[in-house]
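Written out below as structure tokens is the structure these notes cover.
Proteins come first, then strands; the chains are lettered A, B, ... in the order of their sequence lines, and each starts at number 1. The structure presented is a predicted model; accordingly, all values stated were derived computationally and were not measured. All heavy atoms count here, side chains included; hydrogens, waters and symmetry mates do not.
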Amino acid sequence: MSRAPRTTSEPPRLGFCCTFIPDPDPQHKTLKAAKDAAKLMNLGTVTMAHLERLGPAARFEKLEGVVRHNLAALERQVAWVAARPPLERLLRMASSVLPGYTHPVAQPLYAEPALRDRIAAGLARIGEQARAGGVRLSMHPGPFCIIASRNPNAQANGIAELEYHAEVMAMLGYGSGWHPHGAHVNIHIGGREPGIEGFRENLSLISETARNLLTVENDESLFGLDAVLRLGDRVPVVLDLHHHWVESRGEYLEPDDPRIQAVIASWRGVRPVSHISVSRESLLPDHDPGALPDFPALSGQGHSWRDLAAHSELMWNEAVNALVARHLVWSDFEIEAKGKNQASVPLAARIGRDREAAAA
DNA sequence: GAGGGTCAAGTCCGT
DNA sequence: ACGGACTTGACCCTC
């Protein structure tokens with residue numbers, strides 16, 4: 001197995017996930033103008049039910065139109081990220097680039113050379129631009145993407161879904177080698193059964209390309225950090241600090257925690273990626289932004305586990321932000337805030353300022 | 001254009 | 001038993 005290139009010497013990066021939110025801009029005189037601006041930058045989709053209702057020609061045209069838009073939008077997202085300061089050059093791509101890729105209604109359309117060639121050319125170009133611009137790319141398939149399930153059908157669909165993500169990555173130019181340029185496709189374990197051992201066994205059922213891109217993330221209830229670290233010899237672990245806080249009922253991991261070394265080791269030479277988010281600001285309107293949220297205390301005040309797990313709009317908590325800055329020594333970060341770039345850009349600016357001040 | 005129903009898929013939690 | 005949440009509410013139809 002190839003391990004090059006190493007990225008541990010890479011500079012730190014953080015970024016937003018999937019969707020770009022334009023700045024509130026007086027240029028956009030109407031709500032519609034603002035919405036149109038957002039549409040240009042973001043990927044769309046089409047429902048399989050809608051495609052199914054169309055005749056053969058309209059069906060192809062509809063899907064082709066969406067895919068064309070998505071390739072153009074993804075290219076604009078990558079270009080936008082590439083133009084940001086180095087600290088911000090990381091992007092989680094939306095999974096909807098090629099809607100319904102594994103669905104029987106859309107599958108035959110994707111086999112048409114006209115569409116296939118357009119996709120291959122478009123993604124190759126985007127990948128080149130990402131690499132030229134120093135943008136680290138990832139994908140995070142949805143909850144349906146599980147590689148081990150008690151339900152054989154669900155498992156087959158889940159593996160197909162993972163292979164779809166791996167194919168997109170391959171077309172972008174990340175199809176061979178161990179997490180090339182830090183690229184990865186990150187999933188959760190899924191169901192309680194067959195759990196970690198089922199996951200490990202089923203690694204043999206996925207392609208080498210997918211295995212080379214796969215990472216596994218700790219979740220907030222069933223499979224916490226200790227559980228996913230049991231896969232660390234085979235699969236890099238994406239540490240979600242917020243999930244860990246929820247799962248452990250209040251622990252914020254520090255960089256010197258021994259478990260961090262295990263996470264780093266699981267990436268085998270590649271600079272890790274971690275996730276961060278914080279409980280919703282609307283849930284905690286009176287919370288001190290300078291203090292880390294205290295899970296037992298908040299629970300005691302009647303906040304449910306579910307509510308505390310939900311993500312905030314912005315990175316409102318400075319103590320959490322300072323924690324991210326400390327962890328950036330060893331890991332990149334995907335900022336999982338509903339406000340997307342509106343949350344990640346100010347966070348990066350704050351961290352950038354602090355780093356400059358410390359260097360001066 | 002606005003509003004409401006629909007959307008491929010798994011699994012768990014809370015009610 | 002069913003709705004909501006997760007990654008991410010967006011899409012589609014009707015008025």
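- The nucleotide whose nearest atom lies closest to any side-chain atom of A/P143 is, among B/dA8, B/dG10, B/dC13, B/dG10.
- With DNA chain C read from its 5' end, the first of the two nearest nucleotides for A/G142 and A/L43 is the one closest to A/G142.
- As judged by a 4.0 angstrom heavy-atom cut-off over every strand, A/E161 is placed among the base-contacting residues.
- Using a 4.0 Å heavy-atom criterion, one finds that A/T45 contacts the sugar-phosphate atoms exclusively.
- Taking atom C1' on both nucleotides, B/dA9 is separated from C/dA5 by 15 Å, rounded to a whole Å.
- Not counting sequence neighbours, A/D256 has no partner by the salt bridge (charged side-chain N to carboxylate O under 4.0 Å, His left out) test.
- Residue A/H311 is in sugar-phosphate contact alone, with no base atom involved, counting any heavy-atom pair closer than 4.0 Å across all strands shown.
- Taking the P atoms as reference points, C/dA10 lies 23 Å from B/dG10, given to the whole Å.
- Base engagement by A/T102 is indicated by at least one non-hydrogen atom pair under 4.0 Å involving a base atom.
- No donor-acceptor contact under 3.5 angstrom links the side chains of A/E281 and A/N317, judged on distance only.
- Distance check on atom C1': B/dA2 versus C/dT8 gives 23 Å, rounded to whole Å.
- Closest to the side chain of A/S149, out of B/dA8, B/dC13, B/dG10, is B/dG10.
- What separates CD of A/E193 from C1' of B/dG10 is a distance of 15 Å, to the nearest Å.
- As rounded to whole Å, 12 Å separates atom C1' of B/dA8 from atom CG of A/N153.
- Across all strands shown, A/V46 has heavy atoms under 4.0 Å from sugar-phosphate atoms exclusively, and none from any base.
- Across all strands shown, A/H50 has heavy atoms under 4.0 Å from sugar-phosphate atoms exclusively, and none from any base.
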Listed pairs under 3.5 Å, donor-acceptor, residues 98-107 of chain A side chains, sequence neighbours left out:
from   : atom 1 : to     : atom 2 : distance (Å)
A/Y101 : OH     : A/E167 : OE1    : 2.8
A/H103 : ND1    : A/V105 : N      : 3.0

Candidate pair A/S207 and A/E163, rule side chain to side chain donor-acceptor pair (under 3.5 Å), full reasoning: CA-CA 7 Å; A/S207 68; A/E163 296 293 350; 2.7 Å; yes
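- Rounded to whole Å, the P atom of C/dG3 lies 15 Å from the corresponding atom of B/dC7.
- Rounded to an integer number of Å, the gap from A/R192 CZ to B/dG10 P is 18 Å.
- In this structure, A/I159 places its CD1 atom 14 Å from P of B/dG10, rounding to the nearest Å.
- Distance noted for atom P between B/dT6 and C/dG4: 14 Å (whole Å).
- Listed by chain and residue number, nothing satisfies the ring pair (Phe, Tyr, Trp, His ring centres under 6.0 Å) test with A/H303 (two or more places apart in sequence, or in another chain).
- What separates CZ of A/F223 from P of B/dT11 is a distance of 11 Å, to the nearest Å.
- If you check the side chains of A/S96 and A/T45, you find no donor sitting under 3.5 Å from an acceptor.
- Counting non-hydrogen atoms under 4.0 angstrom, A/G44 reaches the backbone sugars and phosphates but no base.
- The nearest whole Å value for the distance from the CD1 atom in A/I147 to the C1' atom in B/dG10 is 14 Å.
- Among the heavy atoms of the strands lying under 4.0 Å from A/A49 are primed sugar atoms or P, OP1, OP2 only; no base atom is included.
- Across B/dA9, B/dA8, B/dT11, the shortest atom-to-atom separation from the side chain of A/N151 is found for B/dT11.
- Checking A/H188, A/H165, A/H184 one by one against A/H140, the ring pair (Phe, Tyr, Trp, His ring centres under 6.0 Å) holds for a single residue, A/H188.
- Using cut-offs of 30° and 60° on the angle between ring planes, the pair A/H287 and A/W316 is perpendicular.
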So what is the 5' to 3' dot-bracket string for DNA chain C, if pairs are Watson-Crick or G-U wobble with both distances under 3.5 Å, crossing pairs use [ ] and | means the partner sits on another strand? ||||||..|||||||
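- Defined by atom type and a distance below 3.5 Å, a donor-acceptor pair is missing between the side-chain atoms of A/N186 and A/E334.
- Stacking between A/F144 and the base of B/dA9 is present: ring centres sit under 5.5 Å apart and the planes differ by under 30 degrees.
- Protein chain A contacts DNA chain C from C/dC6 to C/dC13, reading 5' to 3' and using non-hydrogen atoms of the protein with a distance under 4.0 Å.
- Look at the P atom in both B/dT11 and C/dG9: the space between them is 22 Å, to the nearest Å.
- A donor-acceptor pair shorter than 3.5 Å can be found between the side chains of A/N202 and A/Q155.
- At a threshold of 4.0 angstrom between heavy atoms, the contacts of A/A310 are confined to the sugar-phosphate backbone, with no base atom among them.
- Summarising the geometry, the separation between CD1 on A/I189 and C1' on B/dC12 is reported as 15 Å, rounded to the nearest angstrom.
- Remark: A/H311 pairs with A/H242 by the ring pair (Phe, Tyr, Trp, His ring centres under 6.0 Å) rule, at least two apart or across chains.
- By the 6.0 Å contact criterion, CZ on A/R150 is open, its count of non-hydrogen atoms from other residues, nucleotides or ligands being 12 or less.
- Atom-to-atom, CG of A/L54 to P of B/dC7 comes out at 14 Å; the value is rounded to the nearest Å.
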